[in-house]
Number of protein chains: 2
Amino acid sequence: MSRTIDPFTAVPKYFQLASILRQNIEDGEWAPRSPIPSERQLEVLYNISRTTIREAINSLVQQGYLYREHGRGTFVSPQKLQKGWMELTSFSEDLVKRGLVPGQIIRSLQLMQPPQRVLQRLELPAGSLVHRIERVRLADGTPIGLQTSYLSLAPGQEITMQEMEKAGSLDRILSEKFHIIPTEADETLEVTLATPEEAGLLQVATGAPLLLNERVLFSQERTPVEYVKILYRGDRYQYFVHLKRQAIAENPR
Amino acid sequence: MSRTIDPFTAVPKYFQLASILRQNIEDGEWAPRSPIPSERQLEVLYNISRTTIREAINSLVQQGYLYREHGRGTFVSPQKLQKGWMELTSFSEDLVKRGLVPGQIIRSLQLMQPPQRVLQRLELPAGSLVHRIERVRLADGTPIGLQTSYLSLAPGQEITMQEMEKAGSLDRILSEKFHIIPTEADETLEVTLATPEEAGLLQVATGAPLLLNERVLFSQERTPVEYVKILYRGDRYQYFVHLKRQAIAENPR
DNA sequence: TAATAGTACTGGTAGTGACCACATTACCAG
DNA sequence: CTGGTAATGTGGTCACTACCAGTACTATTA
């Protein structure tokens, strides 16, 4: 790993510096709550202007690696490494974290006219076609969730069953094949009771409590890309989020 | 509302500019996806340096009001107003949004030794004392949630029943009296079934499905401040989150 | 001894000036 | 008509400079 700044590469200096600082934090060379070198010191250490230093630090503060204290210094956050939310809300990663083996059964993949509700969520005109993918999610071999995804793709963009089975993850197909990287999402969670069909697929009794998760994913340009509905077995699933307040930057005085 | 920058106030210029731009967006003066004036134009318009302009725009981009496109311009996000998560996860705001009248009954407020689980979550040593506040949350007068908060305060910091009833919101007391502003939180959600006591308080049948929400709030310095456990009536509550991916700042090339 | 003022650090705000990278358009040569 | 090219406007990066505002410590003073 580069421990110095290379002024000739196309990689911006602030980015290089941020990488170096992040390394120091992740490697544990800088203990939590201990101060990192002051901005003036870094200026000398790496022969970089303070503007650039602050840009690097800002990004790390924003990502939760560091926090500032006016008049005192900049410190390392005592934070268990938080992965991006995509990992956390991603089904597989989620299960692996709990020591379970994830799996899935793809029940269907089709191009179709979605129900009204989905059209609304995806902000599509009536009559639009979307990809619908229905999957049963498994944990250690037993069903844990019933997932239905509706994908809003540009005309001509297709997904085949083979791709789906090969890639395993829908997110991977989206990013690798279509260069779509969701950056925001709206999620709702509520409790429902299993219908006979759902009960059968999830191997629970009809009327058993389920956790219903609906999610709309937005692309970089704030366009709705995917609508996902997941029914989790209430007795075997726990939803997790890490929330971070946007620096509200309350009126300084 | 100030439409110009006042160079004499203590409020930073970048903050003033950001407020003006946000106003324009929220008032709908700038249509979604339409470009805002370029950075060089703003420089002239407000007689402010580009450094400051960029700082203002950066904060708005970060908050999701604007997005940039290299070589093209900066544009207004086509986004329904997203409040900070505190408003969204705040009980009262939440209900008001749905057209319901929020209310609460404070069942108890005491200083006590919390259960083991809470000590762990708050990262406190055994034997520590915390404030425990138990409330029944109401929507349009009927119970909707059962909330138990455990507060980790510095020795000597106290909350009285009067304050609690006067302020209405715990968050308000935290920020106004103790200057604690939670910036991050971990939340989990799962399904449980109502115990007889819970059923009584929530006016549902014993065994009715409930949404169990646990939350740990962290202060600016990443110290656990509050542990909250809320039991929602499954038939009357829906949880909502807006997720935003941290700008991963993938290696530029 | 206890309060006060100084001082030397920290991050916070702001201006200026330069050049780079990308997108769009107009124009020109083939 | 097509493909290249140059001009121009946009955001992206970076350096240097200056001063403000909070913090912690020290030396001075009452």
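Lettering follows sequence order; numbering is per chain, from 1.
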Fill in the blank from the handout: With B for base contact, S for sugar-phosphate-only contact and - for none (protein heavy atoms under 4.0 Å), nucleotides 14-21 of chain D reads SBB-BB-B

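Nucleotide dG12(D) holds its P atom 13 Å from the OH atom of Y67(B), rounded to whole Å. Remark: P of dC20(C) and CZ of F8(A) are 14 Å apart, rounded to the nearest angstrom. Nucleotide dG12(C) holds its P atom 10 Å from the CD atom of E69(A), rounded to whole Å. Look at CG on L66(B): it is 13 Å from C1' on dG11(D), rounded to the nearest Å. One interatomic measurement links the two molecules: CZ of R72(A) to C1' of dG12(C), which rounds to 16 Å at whole-angstrom precision. We find that CZ of R68(B) is positioned 18 Å from P of dA21(C), with the value rounded to whole Å.
Taking N47(A) as the reference, nothing meets the side-chain contact (heavy atoms from CB on, under 4.5 Å) condition, with sequence neighbours excluded. By the side-chain contact (heavy atoms from CB on, under 4.5 Å) test, S152(B) is found to be paired with L122(B), L124(B), residues two or more places apart in sequence or in another chain being considered. Partners of E55(A) by side chain to side chain donor-acceptor pair (under 3.5 Å), not counting sequence neighbours: none found. Legend: residues meeting salt bridge (Lys or Arg N to Asp or Glu O under 4.0 Å) with R50(B), ordered by chain and number and at least two apart, are E39(B). Under the rule for a side-chain contact (heavy atoms from CB on, under 4.5 Å), the partners of E165(B) that lie at least two apart in sequence or sit in another chain are I106(B), M161(B).
OP1 and OP2 of dG11(C) both lie 4.0 Å or more from every side-chain N or O belonging to R54(A). Regarding contacts with the backbone of dT10(D), a side-chain N or O of Q41(B) is found under 4.0 angstrom from either OP1 or OP2.
Electrostatic pairing of R132(B) and E134(B) counts as a salt bridge here, judged by a charged N lying under 4.0 Å from a carboxylate O.
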